[in-house]
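Only one structure is covered here, and it is reproduced in the block below.
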2 protein chains.
Amino acid sequence: MTDKPVQLFIDDLLRRKKLREASKNSDEATYLFHSLSESSIQALLSNSIMQNCAGGKHLVQQGDTPTHLFFIIKGGIKTVRYGADGDEATIRLLHSGETFMDAVIFMGGKSPINAVAIEDSSLLMIPAETVRRHVLQDAQFACNLLKIITRHYKNAMQQIDGIITKTPMERLGYYLLKQHLEQGSDSMDIALTFQKSMIANHLGMTPETFSRVLNRIKKMGIYVDQEKITLRDAYVLCHFCDPDTAHTCPRFNADECPLCNDNLKGYH
Amino acid sequence: MTDKPVQLFIDDLLRRKKLREASKNSDEATYLFHSLSESSIQALLSNSIMQNCAGGKHLVQQGDTPTHLFFIIKGGIKTVRYGADGDEATIRLLHSGETFMDAVIFMGGKSPINAVAIEDSSLLMIPAETVRRHVLQDAQFACNLLKIITRHYKNAMQQIDGIITKTPMERLGYYLLKQHLEQGSDSMDIALTFQKSMIANHLGMTPETFSRVLNRIKKMGIYVDQEKITLRDAYVLCHFCDPDTAHTCPRFNADECPLCNDNLKGYH
DNA sequence: CGCACCATTGATATGGATCAATAACTGTGG
DNA sequence: CCACAGTTATTGATCCATATCAATGGTGCG
C-alpha cells in the first residue's frame, strides 16, 4: 500500500526519532510528526506520494481546491498571491523540513495562495482528506498542526506589523536578526538562503530598495558580500529586536545588549 | 463548579443549538462550539468566567503569557501591535461572537499582540490550559479551532497582499465588499461598525488618507454619509473582487457583474 | 456652553517606486 | 576554455503617492 520512497522516508523518520529520544534533542524541523506514534505516522502517510519537481513549477494555483499537504524533503518553495496586473505579494519563503498548504486545507473552499517551486525540489504529498481525517483520530497530530499554523499566523502578524509601521531598513534588520537566530547565533555569518528579489518582495519592498538598504546597513557594522552577511559583533542586530523575538535570543538581557534592556521597558 | 453567568450562557447556547438543528441554519458566529456535544461544552466551560470591561481597557499586553481564550459576548475588541515609538498596526477588529487569543495560546511563549477593548464589552474567558487540554480530548473541538485560526490566517494573508500590492482605494473597496457580503448582500447599505481611524489603521493607511479615499470613491457610485455607506447598485463593488472572495458572492458569475467574469479569466 | 475627541480638508515634504542603464554572475555550447 | 545569452543585482535620476503637518469643522458629553 505505502509508496516505496515514502516508506523509506518513514523508516528514516523513525530512526532519527529514536536517536532524538536518546539524545533528548528536540528537532523542530519535523514538527509535523512530533510525538506521533509509529502507527500514527504509518496511517498518516499510508497513501502519500513522493514527487520531484523542477524550479519554477507552479504546484498550487490561487483558486485551486487544495488536494495535498506538502512536506518539503529538499529544495525551496514560495507561497505567494498574484494581483490582477501581475504584481505579487510573497507570504512565505520555505526550505526543507517545512510544510505548506497545511493551513489552506482547513480553510474550506479554494486556495487563496499559489505555491511555486523556486528550485528543484522533492516533496512529500499527503492527501488533504487523509490529513483532515487524521486530525479527528490523533489529537496529538491536531495539536502539532495547531502549533505549526499558529506559528505561520504569528509570522504573518509580524509581517503586517513590519510593513505598516517599520521602515525598509528596520524590516531588513529584523529579517537578518531572525535568520541569525535561526541559523545559529554563535556564528557571525548569516547566509541569505533565497534570491534577494524574493526576500525583498517578502519584506514588502522593491529589489532596488532592498539593494540600497543593504548598502546603508554596512555603516552599522553589518558587512555584505553577495549572499553572505558578516556581523561585526553579536549585538549589532539588537537595535532591530522586538519583545517577541527577544526571549528567543540567547543574549537576551545580556549586559552587552545595547537595546534589549532599554527597549523592553518601553513595553512595560 | 461552573460560574452562574457562564451556565446561563451555556444554557442559551444549547437552546439556540437545538433551534438551529431544527431549522438547519448553520450559525457561523459561534463556530467555536460547532458540533460539540453538550457534555463537551460543559467540560470546556466548567471553569470559565464572565467578565465585563470598559472601553479602552487593555486586556492583553504584548509580552504577557496568555492566560485565556476570549469569546466576545457583547462589545468590540481590537488586536494590535505597538511599535517602540507608539505607532500601531491593527491586526483584527472584532465584534460579538468572535474569539481572540485563540491562536496565541498555541504559539507557546509570550503574546505577540495586545488586545484592547474599543467599547464596553462582556467577555467569556476560557482558561488557556483548559483549552489546550480539551483539544486533546475532543477532536471536533480541535477541528473547530483549526478552522477558526485558519480563517484568521487567511485574512492576514489578504491583509498582507492588500498592503503590498493594492492602492488605498482598492483596499477600501475590498474592505467595503467584505463588509457588504458579511452584513447581508441584499441591502444596499453598509455600516462602518468601527471608528474610521481604526479601520484606516487596519487597512494600513492614515485617517487622513482614509477620509480622502472615502471622498474619491463617491464618484464610483458609493455614497458616504457619516458611518453609513450606500451603494448605487449591487455591482459597484465588483471592481474590488478577487478570486477568493468571488465564490462567496451571491452574484458570482452573474451576467451583470462587470468584472467577476473577465477578471477570473486572468487567473486561468 | 465649552471641552474633548474625531473627522475632514488643505498645503507641503519625502521616501520609496519607477524608469533606465550598467554590471556581475550563471550556465551553455562551440 | 572562452564567448555569449539570459538572469539577477546594483546604481543613478526622476516622480508621485501618501505621510506629515497644520487648521478647521462637527459631534457628543459633562
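The model shown is predicted, which means the values in this text are computed figures rather than measured ones. Lettering follows sequence order; numbering is per chain, from 1.
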side-chain hydrogen bond (donor to acceptor under 3.5 Å, both in side chains) filter on B:T230, not counting sequence neighbours, yields B:D189
Applying side-chain hydrogen bond (donor to acceptor under 3.5 Å, both in side chains) to A:T206 and not counting sequence neighbours gives A:T209
Write out a two-atom table: protein N or O, nucleotide N or O from nucleotides 15-23 of chain D, distance below 3.5 Å.
{"from": "D:dA19", "atom 1": "OP2", "to": "B:T206", "atom 2": "OG1", "distance (Å)": "3.2"}
{"from": "D:dA19", "atom 1": "OP2", "to": "B:T209", "atom 2": "OG1", "distance (Å)": "2.3"}
{"from": "D:dT20", "atom 1": "O4", "to": "B:R212", "atom 2": "NH2", "distance (Å)": "3.1"}
{"from": "D:dC21", "atom 1": "N4", "to": "B:E208", "atom 2": "OE2", "distance (Å)": "3.2"}

Atom [atom1] of [X] and atom [atom2] of [N]: how far apart are they, to the nearest Å?
X      : N      : atom1 : atom2 : answer
A:L172 : D:dT10 : CG    : P     : 11 Å
B:E119 : D:dC29 : CD    : P     : 13 Å
B:I164 : C:dA17 : CD1   : P     : 10 Å
A:F210 : D:dT8  : CZ    : P     : 15 Å
A:E227 : C:dA24 : CD    : P     : 16 Å
A:L192 : D:dT8  : CG    : P     : 16 Å
A:I163 : C:dG16 : CD1   : P     : 13 Å
B:Q195 : D:dG28 : CD    : P     : 13 Å

Residues pairing under side-chain hydrogen bond (donor to acceptor under 3.5 Å, both in side chains) where one sits in residues 213-222 of chain B, two or more places apart or in two chains, turn out to be B:N215-B:K218
Listed partners of [X] passing side-chain contact (heavy atoms from CB on, under 4.5 Å), at least two apart:
X      : value
B:E227 : B:L192
B:I148 : B:Y31, B:L32, B:T99, B:D102, B:H152
A:D120 : A:A54
B:E182 : B:Q179

Distance under 6.0 Å and angle within 45° of ring axis: B:R92 vs B:F100: no
Would you call the rings of B:H95 and B:F194 parallel, tilted or perpendicular if under 30° counts as parallel and over 60° as perpendicular? parallel
B:R81 meets the salt bridge (Lys or Arg N to Asp or Glu O under 4.0 Å) criterion, sequence neighbours left out, with A:D161, A:D242, A:D244
Sub-3.5 Å pairs of nitrogen or oxygen atoms, protein against nucleotides 24-26 of chain D:
none

| message | If the cut-off is 4.0 Å, is A:N215 near the phosphate of D:dT11, judged by side-chain N/O to OP1 or OP2? | response | yes
Here the ring-ring contact (aromatic ring centres under 6.0 Å, His included) pairs for residues 164-190 of chain B, sequence neighbours left out, are none
When the rotation axes relating C1' atoms of four end pairs to the next four are compared across the helix from C:dC1-D:dG30 to C:dG30-D:dC1, five pairs an end, they differ to 10° by 30°
